[in-house]
Amino acid sequence: VKVQLLGTGSAEGWPNPFCDCASCSWARTHEVRGQSAALVDDELLIDCGPEIPRAATRLGISLSRVRTMLLTHAHPDHLGPQALWWRSWGRTAGPLQIIGPPAALDVCRPYLEPDDPVELVAVSPGDVVAAVRHRVTALAATHGGPEIGPAVLFDVDHTLLYATDTGPLGEQTLTALATDYAAVLLEETLGTAAPTPGHAEHHDLAAFGETVAELRRRRAINDATRVIAIHLGHGNPPGPELARRLASWGAELHPDGTVLDLPDRGLMSPPPELPPRRVLVTGGTRSGKSLFAEQQLAAEPAVQYVATAPPMPTDDEWSRRIAHHRDRRPATWVTVETGDLAALLARPGPPLLIDCLTLWLSREEVWADEQAVETLVAAWQATSRTVIAVTNEVGSGIVPATASGRAFRDALGRLNAAVARASDEVWLVVAGIPQQLR
Ligand SMILES: [Zn+2]
Ligand SMILES: [Zn+2]
């Protein structure tokens, strides 16, 4: 199956032609994205915003072979019905089947000539339709009301899931998904911009990670599935930063025009055995290192969160800090309170997030116990799990006033260096911006 991304941008594209924010300025000089649409095997077009026919032409593609058009909803960035006129003037345009929700078909009707060989097929969520060459399932989107649809997402042959526009998926959709899609085109409209009204009807970057995690839990996707972010808007950070965020979740960012060669269903290769991934994240206090570490695992179906802090029941400020961190973590994460990190690392299981090594070292005089440190480093080196450990970058600030403070600082410096040596990735977070050291 060949899937070509005719566009990967949000309604107004990225950049917004009328905007000079940092994100739009970056996009204008590096990567211009138009309205989102996809073309399957040159004959099934999914969404047809007003920019799409010209985008196809500029990519060197003829749309004359399109026999089926899937429409997700009637918002004007997904449906420019004038295209049906332009199409009817083509000399080689054959019959066309348009599949979409009732409101989208209503938008098309005024643009159909009486003798046009066009068939309109209304769908609602749950319907399965035989398209010319494909089996298409409509699924409920979390997007707008009946006046634009009701909006749907499309499952094509249980191979491709086309999921825009939508906020986080509802239970009805999650249970109707197939398993092991070859590719999922999932919208990520809002990026990291502050929440805007109506943002429940689109994904921001954090919600995208959560949806990917949910798709993994439901086995709709596996490690071989290509998950691609589309419908991208200027709330997103510049491309390389966005690509890095997506890559940490196993998701991809591609320019308009990209062709995906997907295996037909049944030829799906089994998910590859993933090598262990040992990640050390260091940074100063309030640098954003914990948030960065959490984001790295946000698309995992399950995570064990290891709280290494010794209990401090009498300290209110401390308890509030801990509670704040806990509230930020997804409900599916399990918290383990232990100082025995080596035992956890030796056991198979879901990814581990250790937050943090500094507190672990401060427990029960561990910092003075060289054996305990060596055992931890050996377990880190030998683990088969995905594990991310957060630590503090100390030593560049003021010199501790006490001898034990100085000894602790030195012990942490040595521990960080030893763990870093045995890590596959090492990150330094400064002012909320992660820098990859390895
Ligand atoms: Zn849209
Ligand atoms: Zn929309």
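Since the model is a prediction, treat every value here as computed from it, not as a measurement. Read the numbers this way: they start at 1 and go in the same order the structure lists the ligands and their atoms.
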Exercise for the section: Could you tell me which N, O or S atom of H78 is nearest to the Zn ion (ligand 1)? Expected result: NE2
Practice task
Output the atom name for the N/O/S atom of H73 with the smallest distance to the Zn ion (ligand 2).
Solution key: NE2
Handout entry: Note: R219-D180 ion pair, threshold 4.0 Å (strictly below)
Key = no
Handout entry: N, O or S from H75 under 2.8 Å to the Zn ion (ligand 1)
Key = no
Problem - SB check E214 R218 (cutoff 4.0 Å) - result: yes
Handout entry: Nearest to the Zn ion (ligand 1) - the N/O/S atom of D77, by atom name
Key = OD2
Practice task
Please find out if the Zn ion (ligand 1) and some N, O or S atom of D165 are separated by less than 2.8 Å.
Solution key: yes
Practice task
Indicate whether any N or O donor in one side chain lies under 3.5 Å from an N or O acceptor in the other, for D155 and Y181.
Solution key: yes
Handout entry: Student check: side-chain heavy atoms of L161 and L177 closer than 4.5 Å
Key = yes
Handout entry: the Zn ion (ligand 2) reached by H202 (N, O or S, under 2.8 Å)
Key = no
Problem - Side chains of S36 and H231, donor plus acceptor under 3.5 Å - result: no
